[in-house]
Q: 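My questions all concern the structure below.
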Amino acid sequence: MSALTFDKNELGNLEYSLQREMLATDRIGGYMSTTIVCCNTRRYHGLMVAPIDSSDRTYVLLSSLDETIIQHDQTFNLALHRYKGTYEPRGHKYITDFEYTPTPTITYRVGGVILKKEMLWIHKRTQLMIRYTLVDAHSETRLRLRPFLAFRDKHALTHANMEADGHSYPAVNGVKCRLYGSFPWLYLQTNKPDTEFVPAPDWYYNFEYLQDIARGYDGHEDLMTTGYFETELKKGESIIFSASLDEMGSTKTIDELFAGSIARRTHKIDFISCLEHSARQFLIRRPGNRTEVIAGYPWHGVSGRQTFISLPGITLRQNHKEDCMDALDTQTRNLCNGMFCGDFSAAVGADTPLWFFWTLQQLEPQIGAKAVWERYGETMKQLLDAYRRGVAGRVILNDNGLIWASAENIPLTWMNSMIDGKPVTPRNGYQVEVNALWYNAVCYALKLAAENGDKKFVKEWEKLPDKTKASFNELFHLSEGYLADYVGFGGPNKDIRPNMIIACALPFKMLDEQAQLEVIQTVRQHLLTPKGLRTLSPRNPLYRGSQEGTPQERDFAAKNGSVWPWLLEFYVQACFDINGDAFLPQAEEILENFNEDIQTYGIGSIGELFDADPPYAPRGAISQAWSVGSVVDIYAMIQARKASQPEKPKKTARKSTAKTAKAETASTVRKPAAGKKAETASKTAETKEPKVVKKTAAKRTAAKKTTAK
């Protein structure tokens, strides 16, 4: 029984099926992605999207494959394409079933013909295999397969041109194609010896990608076909189509590879197994012994910040500590003047190297503190020294113990959207999460150094945390009862944003319990939604509730309202730190809010972000590493809490009264200090908030239960 179920009656409804996208990866940088009816709606869709060299660039090689059933000289094209203003052919009307596990499988019915199609991406090879099985037929049946080729960068579009080579060249039981000399050969083969390839080079014009157009981009391209395969199939017989950058030596090899690969596929039987499968797709092995994390599919590459934040959820929660360390080692091998390089440097993201320390804190329970210090201690010390010296003239440790990060027209935090060359949310100065991470990093390094006898380091750094803590509390605390988002030349910025929750969720905190309660309460009232935290309070005039429109409109909304799931992990951690097991029901409710998401948008995964207003529509990449990692982390927190709870005593004959039960429940929740400001803010609930069911008491508590409907 799979956790992923699809309404068979709706598969022919394009409003239903085109909104559901599937993804499979080869774990070395390539992927297959399209809708569940195999109609491409993005330029990033394709049956084979892969790197062709050691660079990080990936290319759409095989865009799609048309299947046609031939009986009694009549043809029934099972494919679905969108051209300008129309769909042709309309093969979706023949689809009777779609299954995602153990591999994406579509069943077609044409009269008395039933054809099953199983799509399989081979791990650690750039290879797609599709097995077609004629389940039922009552007369002679032939199958025709026509590949459509793009051979272009996944971010670009291609158009008919005279340079493309439309010829096909012989290969073992198939052909090889290469539209341009700078590309490798693409081998198109089958396992059926009597399959015929008919050369018929031609351009097909004006494929239309509706999702690109909706996002404000050009969405039309031309694709080349060099011919088609055709063979007769008998009832119960199968044929395997293979597209690969490496030639398969025989039809037997194709059979064996498909059988072995599909046997190793896991069944996604429940919510968490779907997410664990999704998590494994982000970790890729590159040439040169590099292990990296793809930030999101289908268009994102490697991001330093997202690598460190997502690693615990996508590796450690499945006990894959070696994968985590391989990814960390990839970065620590190449320090530049004591700092990570490229996108991992503080010159690009002021907070990015500080997340490295947080990742190590998550790794420690699996390998031990001593092993962390022995393996990464020197890197930790070099990184801290680099901040103290200053990085690229943009980031430096000031005398007050805080990190100052500022650069003209370069956003240095995760709120890095740009419009017309300028940051959407300029935050130059002391940023709240950067300095919370800085304090956490220094304290953790000092802890490990003390435990491992590094007296020199301890003596050099031990006085800094007190100075940082005092300065932080002086500058960031607002009389309104929450933390400034950043403190710049003009003083504290009072926009209510989610970054302050990170200061409440790190292992080493600078805030006392009362301050943490105030932050949690503010976040709950203004930013919490069923899908994550808003990036701005709805009461702010800059707030945008929907992430639609032009690229500029979407970039603005992304950091001025849009909901990001990755922040939920820190909200849940902060609430657990304050309220302990009493927060378990709310944490489980937060987790349950994502059950439906694995069956919409990106199948089996969690997308990049959501609209800030109901119904919280998914937006951005269909599968995002730190979104998946965050939800898996929340699941792990819940399981750890449950495992640590003492067994409940057996029920006795005495029954508790409702009044007693209410009193016992109230006693488990800590209360913030009473205050008119908190009470007023609580009463003036934002009209755009989702409806909630609240447990009332004489005074509001910081751990009130919120149920989003």
Q: Counting distance only, does the side-chain N/O of T522 pair as donor-acceptor with the main-chain N or O of E518 below 3.5 Å?
A: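 Side chain of T522 to backbone of E518: a pair is present.
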
Q: To the nearest 0.5 angstrom, please state how far the CZ atom of F610 sits from the OG atom of S546.
A: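 F610 atom CZ to S546 atom OG measures 13.5 Å (nearest 0.5 Å).
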
Q: With no hydrogens and no angle check, is any side-chain donor or acceptor of N440 less than 3.5 Å from a backbone partner on F508?
A: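 Yes; at least one donor-acceptor contact below 3.5 Å.
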
Q: Looking at side-chain heavy atoms only, is the closest gap between Y209 and Y44 below 4.5 Å?
A: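 No, side chains not in contact.
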
Q: Taking only residues two or more places apart in sequence or in another chain, which ones pass ring pair (Phe, Tyr, Trp, His ring centres under 6.0 Å) with F344?
A: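 Partners of F344 under the ring pair (Phe, Tyr, Trp, His ring centres under 6.0 Å) test: F308.
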
Q: Output yes when a side-chain donor or acceptor of D611 lies under 3.5 Å from a complementary backbone atom of Q547, and no otherwise.
A: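 Yes, D611 side chain to Q547 backbone: donor-acceptor pair under 3.5 Å.
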
Q: Of the non-hydrogen atoms in L483 and L478, which two are nearest, and what is the gap between them?
A: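 Closest heavy-atom pair between L483 and L478: C-CD1, 3.9 Å.
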
Q: Got W438 and T468 here, is their nearest side-chain heavy-atom distance under 4.5 Å?
A: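 Yes - at least one pair of side-chain heavy atoms lies under 4.5 Å apart.
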
Q: Going by an N to O cut-off under 4.0 Å, is there a salt bridge joining K8 and E99?
A: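 Looking at K8 and E99, the cut-off is not met.
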
Q: Could you state the interatomic distance from SG (C274) to NZ (K268), rounded to the nearest 0.5 Å?
A: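 Interatomic distance, C274 SG to K268 NZ, rounded to 0.5 Å: 7.5 Å.
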
Q: Nearest 0.5 angstrom please: Y31 OH to T25 OG1, how far?
A: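 Those atoms lie 11.5 Å apart.
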
Q: Which residue, V293, N416, D343, forms the side-chain contact (heavy atoms from CB on, under 4.5 Å) with S303?
A: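 Considering V293, N416, D343, a side-chain contact (heavy atoms from CB on, under 4.5 Å) with S303 is found only for D343.
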
Q: Begin from the C-alpha positions of T34 and M22 and carry the test side-chain contact (heavy atoms from CB on, under 4.5 Å) through to its verdict.
A: CA-CA 6 Å; T34 184; M22 55 183 172; 3.6 Å; yes

Q: Please check if any side-chain donor atom of Q573 sits under 3.5 Å from a side-chain acceptor atom of E569, or the reverse.
A: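 No.
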
Q: Do I578 and E513 have side-chain heavy atoms sitting under 4.5 Å apart?
A: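 Yes. Closest side-chain heavy atoms under 4.5 Å.
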
Q: Tell me if a side-chain donor or acceptor on K469 pairs with a main-chain N or O of K509 at a distance below 3.5 Å.
A: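 Between the backbone of K509 and the side chain of K469 there is no qualifying donor-acceptor contact (under 3.5 Å).
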
Q: Quick check against the 3.5 Å criterion: does S605 have a side-chain atom that pairs as donor or acceptor with the backbone of G602?
A: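 No, the answer is negative, given that no donor and acceptor are paired below the 3.5 Å cut-off.
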
Q: What closest approach, in Å, do R641 and G580 show between heavy atoms, and which atom pair accounts for it?
A: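 So the minimum-distance heavy-atom pair works out to NH1-CA, 3.6 Å.
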
Q: Any side-chain to backbone donor/acceptor pair from T529 onto L533? Under 3.5 Å, distance only.
A: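 Such a contact is absent between T529 side chain and L533 backbone.
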
Q: Sequence neighbours excluded, which residues qualify as salt bridge (Lys or Arg N to Asp or Glu O under 4.0 Å) partners of K494?
A: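 For K494, the residues satisfying salt bridge (Lys or Arg N to Asp or Glu O under 4.0 Å) (neighbours in sequence not counted) are E480.
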
Q: Could you give me the CA-CA distance, side-chain angles and deciding distance for D351 and R305, then say whether side-chain contact (heavy atoms from CB on, under 4.5 Å) is met?
A: CA-CA 8 Å; D351 57 320; R305 178 183 295 109; 2.8 Å; yes

Q: Applying salt bridge (Lys or Arg N to Asp or Glu O under 4.0 Å), can you list everything that pairs with D212, at least two apart in sequence or on another chain?
A: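 Salt bridge (Lys or Arg N to Asp or Glu O under 4.0 Å) check on D212 returns R43.
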
Q: So, does W355 use its side chain to make a donor-acceptor pair with the main chain of L437 at under 3.5 Å?
A: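 The answer is no, because no donor-acceptor pair under 3.5 Å joins these two groups.
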
Q: Could you check F357 against Y444 for ring pair (Phe, Tyr, Trp, His ring centres under 6.0 Å), going step by step and ending with a plain yes or no?
A: CA-CA 8 Å; F357 292 79; Y444 184 54; 7.5 Å; no

Q: Sub-3.5 Å donor-acceptor pair from the side chain of Y616 to the main-chain atoms of V563, do we have one?
A: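 Checked: no pair found.
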
Q: Tell me if a side-chain donor or acceptor on Y430 pairs with a main-chain N or O of F476 at a distance below 3.5 Å.
A: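 No, Y430 side chain to F476 backbone: no donor-acceptor pair under 3.5 Å.
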
Q: Would you give the length of the straight line joining atom CZ of F282 to atom OG of S627, rounded to the nearest 0.5 angstrom?
A: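 Answer for the CZ-OG pair, F282 versus S627, is 8.0 Å.
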
Q: Nearest heavy-atom pair of P585 and A582: which atoms, and what distance?
A: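 Shortest heavy-atom separation between P585 and A582 comes out as CD-O, 3.4 Å.
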
Q: In chain order, what residues pass the salt bridge (Lys or Arg N to Asp or Glu O under 4.0 Å) check against E596, with sequence neighbours excluded?
A: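 Applying salt bridge (Lys or Arg N to Asp or Glu O under 4.0 Å) to E596 gives K531.
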
Q: Which residues pass the salt bridge (Lys or Arg N to Asp or Glu O under 4.0 Å) test with E21, not counting sequence neighbours?
A: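 So E21 forms a salt bridge (Lys or Arg N to Asp or Glu O under 4.0 Å) with R42.
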
Q: Can a donor-acceptor pair be found between the side chains of N560 and R534 at a distance below 3.5 Å?
A: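 Judged by distance alone, the side chains do not pair up.
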
Q: Apply side-chain hydrogen bond (donor to acceptor under 3.5 Å, both in side chains) to the pair W414 and N499, showing each step before the final yes or no.
A: CA-CA 10 Å; W414 82 275; N499 304 302; 2.6 Å; yes

Q: Run the side-chain contact (heavy atoms from CB on, under 4.5 Å) check on I403 and V395 step by step: do they pass?
A: CA-CA 7 Å; I403 297 296; V395 181; 3.7 Å; yes

Q: Do Q211 and Q19 have side chains that approach each other closer than 4.5 Å (heavy atoms only, starting at C-beta)?
A: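 They are in contact (side-chain heavy atoms under 4.5 Å apart), so the answer is yes.
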
Q: Side-chain contact, heavy-atom cut-off 4.5 Å: S417 with T425?
A: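 Contact flag for S417/T425 side chains = no.
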
Q: Which heavy atom of L511 sits nearest a heavy atom of C504, and at what distance?
A: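 What the structure gives for the nearest pair is CD1-SG, 3.8 Å.
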
Q: Any donor and acceptor pair, going by atom type alone, linking the side chain of Q431 with main-chain N or O of R427 inside 3.5 Å?
A: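 Flag set: sc Q431 to bb R427 pair under 3.5 Å.
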
Q: Please lay out, stage by stage, how L23 and S278 fare under the test side-chain contact (heavy atoms from CB on, under 4.5 Å).
A: CA-CA 9 Å; L23 170 74; S278 177; over 6 Å; no

Q: Is there side-chain contact between Q599 and R20, with heavy atoms separated by less than 4.5 Å?
A: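 SC-SC contact between Q599 and R20 ruled out.
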
Q: Can you name the nearest heavy-atom pair linking P565 to I606, along with the distance?
A: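 Shortest heavy-atom contact: CG-CG2, 4.3 Å.
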
Q: Any side-chain donor-acceptor pair under 3.5 Å between H300 and E608?
A: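 Note: H300 and E608 side chains meet the donor-acceptor criterion.
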
Q: Under a 3.5 Å threshold, yes or no: a donor from one side chain and an acceptor from the other, between N595 and E592?
A: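 Checked: N595/E592 side chains show no N/O donor-acceptor pair below 3.5 Å.
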
Q: Roughly how far, to the nearest 0.5 Å, is the OG atom of S623 from the OH atom of Y601?
A: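 Going from the OH atom of Y601 to the OG atom of S623 covers 11.0 Å.
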
Q: Between K559 and T535, is any side-chain donor less than 3.5 angstrom from a side-chain acceptor?
A: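 Side chains of K559 and T535: no pair found under 3.5 Å.
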
Q: May I ask you to decide whether E553 forms a salt bridge with R544, counting only side-chain N to carboxylate O separations under 4.0 Å?
A: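 Result for this pair is no, no salt bridge flagged.
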
Q: State, with a plain yes or no, whether a side-chain heavy atom of Y297 is found less than 4.5 Å away from one of I294.
A: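 When only atoms from C-beta onward are counted, I294 and Y297 do touch, with a gap below 4.5 Å.
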
Q: Which pair of heavy atoms, one from F271 and one from V631, lies closest together, and at what distance?
A: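 That closest heavy-atom pairing would be CZ-CG1, 3.9 Å.
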
Q: Regarding R215 and the six-membered ring of W299, is the cationic atom NZ or CZ under 6.0 Å from the ring centre and inside 45° of its axis?
A: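 Yes, R215 sits over the ring of W299.
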
Q: Quick one: which residue pairs count as a salt bridge (charged side-chain N to carboxylate O under 4.0 Å, His left out) with a foot in residues 624-637, not counting sequence neighbours?
A: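 Only R317-D633 qualify under salt bridge (charged side-chain N to carboxylate O under 4.0 Å, His left out).
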
Q: Below 4.5 Å, heavy atoms only, C-beta onward: do R280 and T315 meet side chain to side chain?
A: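 Side chain of R280 against side chain of T315, heavy atoms only: no contact under 4.5 Å found.
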
Q: Out of curiosity, I309 CD1 to T359 OG1, how far, rounded to the nearest 0.5 Å?
A: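 Going from CD1 on I309 over to OG1 on T359, the span is 8.0 Å.
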
Q: Could you tell me whether the side chains of S537 and N540 share a donor-acceptor contact shorter than 3.5 Å?
A: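 Short answer, no.
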
